[in-house]
Amino acid sequence: MPSIDKSQAAVIYSQETRLFVEAPAGYGKTTVMVEKLVFDLMSGKIPYPKRALALTFSVNAARKMKNDIHDVLSKNNRQNGYLENRVNVFNYHALSREIMLKYGNVRLGLNIDVNTLVPLNEDHVLSYFQGKETPLSANNNMVLISFSKAVRQANNAAIEASIDDYRDLICNVLIPNGCITYNAILVLAIKLLEENQSVCNLYRSLYPYLIVDEAQDTNLLSYKLLSYLIGKHTRICMFGDSLQRIYGFIGAIPNFIEIAKSDFGLKILRLDTNHRFLPGSSMLLLDKNIRENIRNPLAPSIVSTSKVPLLFSGSAKTEIDHTCLLSTAILKKQADVKIAVLVRARGYYSNNLIEEMKARGIICFDGLFNDEELEYAQFNNDCLEIFNRLTKKTREINFPQLDLFTKKAKEHVEAKSYIYGGSYLQLLEALRAQVKAEFAGVSPDAKYQYIRSVFENKSLRHVIDYIDANVVVTTMHASKGLEWDYVLLPELMQWASPTYVTCKNCCMELRGNKVYGDACSFKEKCVPESYIDELCLFYVAVTRAKRSAVFLATTDRINKIGEHKAGYLSCFMSMPGIETFQPSSIEDIILNQSQKHSCSAFTNT
């Protein structure tokens with residue numbers, strides 16, 4: 001077991017039956033979560049033959065937790081196979097699918113295998129029905145869109161008012177036509193548990209111990225499912241960080257910790273030591289100071305200022321040039337490191353950066369596609385269809401079949417005109433590499449279930465670690481749960497990060513900010529509602545860096561419609577506790593290097 005600090009030990013060995021553990025980025029959350037589960041399992045807190053249920057936000061997190069549990073049990077020289085079989089790890093959709101497969105036919109009268117249905121977002125259903133014998137009516141489409149909106153807005157009253165009509169529409173119209181929505185997978189499981197107390201009691205009895213990861217991102221449907229799984233005597237341990245809540249735009253519950261604490265009687269424990277950064281380092285201070293600004297943006301408690309390198313150029317073209325030169329300089333010094341360029345949104349900079357990197361021979365991965373886009377959804381559904389055809393008879397997959405699937409899927413992508421086809425090809429190769437590396441001793445059935453879940457949940461981008469690329473270019477939102485050695489954060493300008501919505505509210509309507517010199521700064525004692533959400537996202541992006549973060553901006557901002565506007569540094573750059581400086585050499589960014597290496601990218605433009 002790795003060395004643990006006092007706050008981690010307090011969680012692992014706690015005798016409390018219901019906990020919420022606040023775990024900031026870099027504080028060892030994953031280690032503590034797995035060690036606690038294994039300790040409680042070994043110490044008899046989960047009576048045989050009962051099981052522990054671990055719920056995660058993503059397929060990738062579930063996979064990682066399974067691997068970590070296996071590693072911890074193996075290191076302890078225990079009967080790891082026996083104990084592993086007493087821990088089930090799911091994301092919410094995978095658990096809901098299991099519930100439906102076991103009890104949906106009998107309890108809901110749905111004589112269908114939910115795994116054979118095409119999963120869709122509500123706003124893609126109308127196009128799916130085009131060409132069908134019976135098109136989707138405008139009224140039915142409105143039911144779908146309205147329910148999706150209610151979930152995204154965390155509007156519980158609207159969800160409760162429409163959930164039965166929504167469920168009926170799914171059962172009577174969508175499922176007979178071979179499709180289902182992602183929300184419906186949860187809704188059907190929720191209604192099954194709600195209307196069948198015996199099934200609900202069975203799951204509560206089977207899983208008297210529940211661990212929840214990334215709890216701050218829980219939406220109302222996941223919370224309803226969670227509530228049905230928790231009985232009077234269920235042991236609960238939730239892990240999360242309210243300052244990393246970045247999915248409010250898709251329905252993450254505001255003030256989740258306070259609500260869960262009240263509903264389930266949770267005791268709050270906090271991890272208090274950052275193990276990612278060295279004590280006294282600039283990155284540690286940056287982490288701490290951003291958190292203080294999120295907690296109290298008008299009067300943060302700042303002890304020491306963090307100095308962060310900033311490349312502030314005179315044009316977007318020069319900003320792109322700086323990004324390429326900096327990436328090349330880092331890789332020249334440390335060839336084995338990984339670099340990420342995290343943008344707030346796609347635009348002139350990101351689109352042209354990809355082309356420029358390719359032109360300069362920098363091996364990069366274009367991860368700018370959105371998980372909600374129709375093309376990406378279609379790509380996942382196409383891959384799922386190919387996978388289902390190859391595994392229809394056995395519902396298992398071995399490595400030769402995996403090679404065949406990868407070959408067939410790549411041929412399909414190459415025959416299509418996908419905008420991000422090159423990225424999809426890289427991801428398919430990365431998935432093959434990941435499965436062969438991490439599932440070597442795993443059963444063909446487990447491989448089958450994992451690969452299915454990847455495409456069902458559109459989580460293929462989380463195999464990025466296995467992509468043979470030096471630089472990943474993706475969005476701040478897509479970076480959640482990933483990490484790189486160096487993170488470059490471009491376009492840190494007013495109207496770009498934070499985005500137009502926040503800046504319009506603050507700089508134009510509330511007039512709470514004003515440009516001083518070359519940076520936007522708070523002028524009055526007012527904070528737009530969306531400002532904290534933007535700052536949380538900025539915090540998540542910064543903390544993806546294991547070694548160093550670099551800020552970039554330009555005085556020539558190009559907006560969404562291609563207009564050139566004056567560029568001023570983001571208000572994030574003028575927050576208390578942050579001091580930017582123009583680096584003079586690569587050693588200002590790469591720590592612990594003895595020889596100086598000049599780089600023209602660090603010259604004022």
Side-chain angles (χ1 to χ4, degrees), residues 2-3 23-31 64 244 273-291 304-311 322-343 353 357 362-365 367 464-476 478-490 492 537-553 572-573 577-599 601-602:
S3 125
Y27 282 56
K29 178 201 72 174
T30 303
T31 296
K64 189 175 187 310
Q244 293 189 71
T273 302
N274 190 315
H275 294 272
R276 181 174 294 171
F277 307 123
L278 294 173
S281 69
S282 184
M283 282 300 296
L284 182 62
L285 281 174
L286 181 60
D287 178 294
K288 180 179 179 181
N289 290 348
I290 296 176
R291 292 184 68 85
S304 299
T305 297
S306 173
K307 296 182 179 181
V308 187
L310 166 68
L311 303 181
H322 281 182
T323 307
C324 293
L325 286 171
L326 178 56
S327 299
T328 301
I330 292 173
L331 292 168
K332 184 176 180 180
K333 281 284 187 178
Q334 300 175 340
D336 60 338
V337 300
K338 296 292 185 180
I339 302 169
V341 182
L342 304 181
V343 300
L353 175 66
M357 283 193 163
I362 300 172
I363 302 174
C364 65
F365 170 72
I464 280 178
D465 287 345
Y466 286 87
I467 287 179
D468 184 19
N470 302 121
V471 181
V472 169
V473 183
T474 189
T475 64
M476 292 181 179
S479 72
K480 183 70 184 293
L482 301 169
E483 59 182 21
W484 295 268
D485 298 291
Y486 295 92
V487 168
L488 314 186
L489 298 168
L492 291 180
L537 179 59
F538 177 65
Y539 171 71
V540 166
V542 168
T543 55
R544 298 309 92 198
K546 294 188 288 185
R547 300 190 186 186
S548 183
V550 182
F551 299 161
L552 297 97
F572 295 160
M573 302 299 94
I578 293 182
E579 178 184 334
T580 60
F581 69 94
Q582 187 83 359
S584 60
S585 72
I586 193 67
E587 276 70 28
D588 288 337
I589 295 168
I590 298 179
L591 303 180
N592 301 320
Q593 295 291 327
S594 58
Q595 293 183 329
K596 292 290 182 180
H597 172 68
S598 296
C599 178
F602 305 114

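Just so it is clear, the values below take in all heavy atoms, side chains as well, and ignore hydrogens, waters and symmetry mates. For clarity, every value in this text was computed on a predicted model and none was experimentally measured.
One finds the CG atom of L325 at 9.5 Å from the CG atom of L311 (value rounded to the nearest 0.5 Å). Taken to the nearest 0.5 Å, the CZ atom of F551 stands 5.0 Å off from the CG atom of L286. How far CG of L552 is from CG of L492: 7.5 Å, rounded to the nearest 0.5 Å. Rounding to the nearest 0.5 angstrom, the gap separating the CG atom in L326 from the CG atom in L488 is 5.0 Å. Here the CD1-CD1 distance, from I467 to I363, works out to 12.0 Å after rounding to the nearest 0.5 Å.
A donor-acceptor contact shorter than 3.5 Å links the side chain of N289 to the backbone of S304. Between the side chain of T474 and the backbone N or O of G367 there is at least one donor-acceptor pair closer than 3.5 Å. Judged by distance alone, the side chain of S548 and the main-chain N or O of I590 form no donor-acceptor pair under 3.5 Å. Between the side chain of D485 and the main chain of K338, a donor-acceptor pair closer than 3.5 Å is present.
Residues satisfying the salt bridge (charged side-chain N to carboxylate O under 4.0 Å, His left out) criterion with K480, sequence neighbours excluded, are E214, D217. Applying the side-chain hydrogen bond (donor to acceptor under 3.5 Å, both in side chains) criterion to T580, with sequence neighbours excluded, gives no partner residue. Partners of R544 by salt bridge (charged side-chain N to carboxylate O under 4.0 Å, His left out), not counting sequence neighbours: none found. Among residues two or more places apart in sequence or in another chain, the salt bridge (charged side-chain N to carboxylate O under 4.0 Å, His left out) test is passed with E483 by R276. Qualifying side-chain hydrogen bond (donor to acceptor under 3.5 Å, both in side chains) partners for Y539, counting only residues two or more places apart in sequence or in other chains: D287, R291. With sequence neighbours left out, the salt bridge (charged side-chain N to carboxylate O under 4.0 Å, His left out) criterion links K288 to no other residue.
Between Q244 and A25 the shortest heavy-atom distance is NE2-N, 3.2 Å. The shortest heavy-atom contact between N274 and G26 is OD1-O, 3.5 Å. The two residues C364 and A469 have their closest heavy-atom pair at C-CB, 3.9 Å. Counting all heavy atoms, side chain and backbone alike, Q334 lies closest to R547 at OE1-NH1, 2.9 Å. Across every non-hydrogen atom of A329 and I586, the tightest pair is CB-CD1, 3.6 Å. Of all heavy-atom pairs between V337 and L331, the closest is O-CD2, 3.8 Å.
Put simply, the side chain of V542 reaches to within 4.5 Å of the side chain of M283, judged on heavy atoms. Proximity of N470 to S327: side-chain heavy atoms (C-beta onward) are nowhere separated by under 4.5 Å. With contacts defined as side-chain heavy-atom distances shorter than 4.5 Å, the pair Y486/V550 does not qualify.
The local environment of NZ in K64 is sparse, with at most 12 non-hydrogen atoms from other residues, nucleotides or ligands closer than 6.0 Å.
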For this session: Go through the steps for F572 and I578 under the test side-chain contact (heavy atoms from CB on, under 4.5 Å), then give the verdict.
Result: CA-CA 8 Å; F572 295 160; I578 293 182; 5.8 Å; no
